[in-house]
Amino acid sequence: MSAARRARNPARSNQPAAATPLSDDLLTENGPADVTERAFGSANRNRLLDQYFATRGPIKPGEAWEHAYRLLLWIDRTIGLAHCYESDKCQPGRHWYPRSLAFHGWLAERLGSTPATLKDDVDWLFRNVTAGLDALVLAASKSTMVQKQRAPYAGQGFPEPGEDPKLLAIVHDALQEWLPAKLPDSVERSLVERIQTHINQENKRKNLIGEGFEDTLAAILRRIPGLAKRYDIRTRQVLHEIPGFNPVRKGQKERKVDLVLIRKPDGRRTLVTAKWSVRADREEQFTADFRDYSRAENRSEDFDYILVTNEFDPARLKRACEVRVENALMLTSVVHVQPQGPLVAYQDAVHHKNWSAPHVYKHIQTGRLTSLEGWITNLTA
DNA sequence: TTTCGTACTTGTTTGGTGAC
DNA sequence: GTCACCAAACAAGTACGAAA
C-alpha cells in the first residue's frame, strides 16, 4: 500500500486514527460533532473501543467474555431477548424461544443486570456508533445540499424524503383514540423519518459484528496483562506479511487472516479465524483457508489455527470441533466466547442422543470446545 | 478526487429433507 | 406436525484497487 493510500485509509495501517470530520453541510445546530462519515469503519470502531476500555483498566482472562458481550451482543427487538439464534426460530412458540428466555435470564444474572435492564448493559458498540447517526441521517435529508438539489422541482408535488403513507396510516390507526387532532405534515414526516431511520440502523448491525468482532478480540487481548508484551497482535493481516509464509503466486488473490498472534520469544504463530456466527459456506471457507495457509508456510514449522466464535447452533459447533484435514483435526482449538451460554440455552437437549447438543456438551467437558477465558489463560501460561 | 466494480463480512429469508 | 439440519439467495455495509 502506498503512503498516500495509507494516509487516506488510516485504519489499514493498524494504527489508531483520528475520526474523519463531516462536512459542515451535514451537521445540524445540535448535531454530533464526532460522528465519522464511516461510522461503522475501522477507525471509528477502534476509537470507540479505546473509549470503552479507557476507564476499565487491565482485563483478567475471566472477564474477557463479559466485555465481548457488553460490547457486541444485542437484543433481538422482535422478542426483546438477547440474540443467540436466527430470529425466525426464536419467535414465541418456536423451539428457540424458551432457549432464548433461558439464555437471557442467565446472562442478565451473570452481568449483574436484570432481564428488564439487560438491554442497557449490552450492545455498547452499536449503540455508540448509531448514537449520533440517527441525527446525522435526519439532518442530511434537510441539508442545504438537498434543498439545492430539490430546488428545480419546487412546487411540483415531488415526494419529500421519508414519505411513507402506509406507515403513517399504521401510526394514525393505532393512536387515533388519543390524538385530539391531525398532526401537522411536518410532524408526520419527522415521525416517519425517525421510525425509518431506527429500523434501517438495525440492518447495519451485521457490518459492525464482522470486523468489529476481530477488533474487539484484539482490543481485549492487548489489555490482558503481559499478553501484549509477549505477543505481536495484528488484525486483518496479509498472510505473506506474517513471518514464515510465502507471498501468493502472481495472479492469485492475497489472503488475509482475521487475527494473528505471534509469540515474541520463539515466533510461534497463531492464526485466528473470528466468526461471530457460522454458516455452511463459512465452514467450507475454514478448510480452504487452512489449505492455503499450509501451502504458503515456508518454515516447516507448525502454526496454530483457531476458530473464535459465538455460534450457538450445536450442529455447527460440533462440526467445527470435528472437522479434519488429512486425518488430523484441522482447528487447534475451537473457542466460544462463553460456552456456558449454549449450555444454558439448550439444556433441554443435552440428553437427546440423536441431536448434536450432547456432542457439544462432551466437547466442552473435554476442552475441545474451550472458552475465551480458557484460551487466553493458555496463551498467558 | 471521484466513481465503479469486486470481494468480503454478517444475519435473514425461504424452502427442502429426514427423523421422531 | 414438529423439529433439527442443510443450503442457496438475498440484503446491507466496509474496504480495496483501477479507471476516469
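By convention in this document, chain letters (A, B, ...) are assigned in the order of the sequence lines, proteins followed by strands, and residues within each chain are numbered from 1. Just so it is clear, the values below take in all heavy atoms, side chains as well, and ignore hydrogens, waters and symmetry mates.
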Colleague: Identify, with sequence neighbours excluded, every residue that meets ring pair (Phe, Tyr, Trp, His ring centres under 6.0 Å) alongside H104(A).
Modeller: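 Checked H104(A) against ring pair (Phe, Tyr, Trp, His ring centres under 6.0 Å); zero matches.
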Colleague: Of the nucleotides dC5(C), dA15(C), dT10(B), which one has an atom closest to the side chain of R319(A)?
Modeller: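 The answer is dC5(C), which lies nearest to the side chain.
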Colleague: Just how far, in rounded Å, is C1' of dC5(C) from NE2 of H359(A)?
Modeller: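 H359(A) atom NE2 is separated from dC5(C) atom C1' by 13 Å.
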Colleague: Let me check something: any side-chain donor-acceptor pairs from residues 174-184 of chain A under 3.5 Å, sequence neighbours excluded? List them with distances.
Modeller:
residue	atom	partner	partner atom	Å
K182(A)	NZ	D185(A)	OD1	3.2
K182(A)	NZ	E188(A)	OE2	3.4

Colleague: L125(A) has an atom CG; how far is it from atom P of dT9(B), in whole Å?
Modeller: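 Answer to the nearest Å: 19 Å.
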Colleague: What is the separation between atom NZ on K256(A) and atom C1' on dA15(C), rounded to the nearest whole Å?
Modeller: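 Going from NZ in K256(A) over to C1' in dA15(C) covers 8 Å.
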Colleague: For the residue pair E322(A) / H363(A), report whether a side-chain donor-acceptor contact shorter than 3.5 Å exists.
Modeller: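 Present: a donor and an acceptor within the cut-off.
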Colleague: Distance check needed: dT10(B) P versus R316(A) CZ, whole Å only.
Modeller: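 Rounding to the nearest Å, CZ of R316(A) and P of dT10(B) are 12 Å apart.
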Colleague: Among side-chain atoms of T377(A) and T380(A), is any donor-acceptor pair under 3.5 angstrom?
Modeller: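 The criterion, which ignores hydrogens and geometry beyond distance, is not satisfied for T380(A) and T377(A).
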Colleague: Please state how far atom CG in D215(A) lies from atom C1' in dT10(B), giving the value in whole angstrom units.
Modeller: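 Roughly 14 Å, once rounded to whole Å.
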Colleague: Choosing from dC6(C), dT10(B), dT12(B), which nucleotide comes nearest the side chain of H83(A)?
Modeller: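 For H83(A), the side-chain atoms sit closest to dT12(B).
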Colleague: Just the rounded figure in Å: distance from P of dT12(B) to CD1 of I79(A).
Modeller: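 One finds 10 Å between P of dT12(B) and CD1 of I79(A), rounded.
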Colleague: To the nearest Å, how far apart are E311(A) CD and dT10(B) P?
Modeller: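 From E311(A) CD to dT10(B) P: 11 Å.
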Colleague: Could you tell me how far apart R236(A) (CZ) and dT10(B) (P) are, to the nearest whole angstrom?
Modeller: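 So the CZ-P distance, R236(A) to dT10(B), works out to 12 Å.
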Colleague: Can you tell me which nucleotide in dT10(B), dC5(C), dA15(C) comes closest to the side chain of D313(A)?
Modeller: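 Nearest nucleotide to the side chain: dC5(C).
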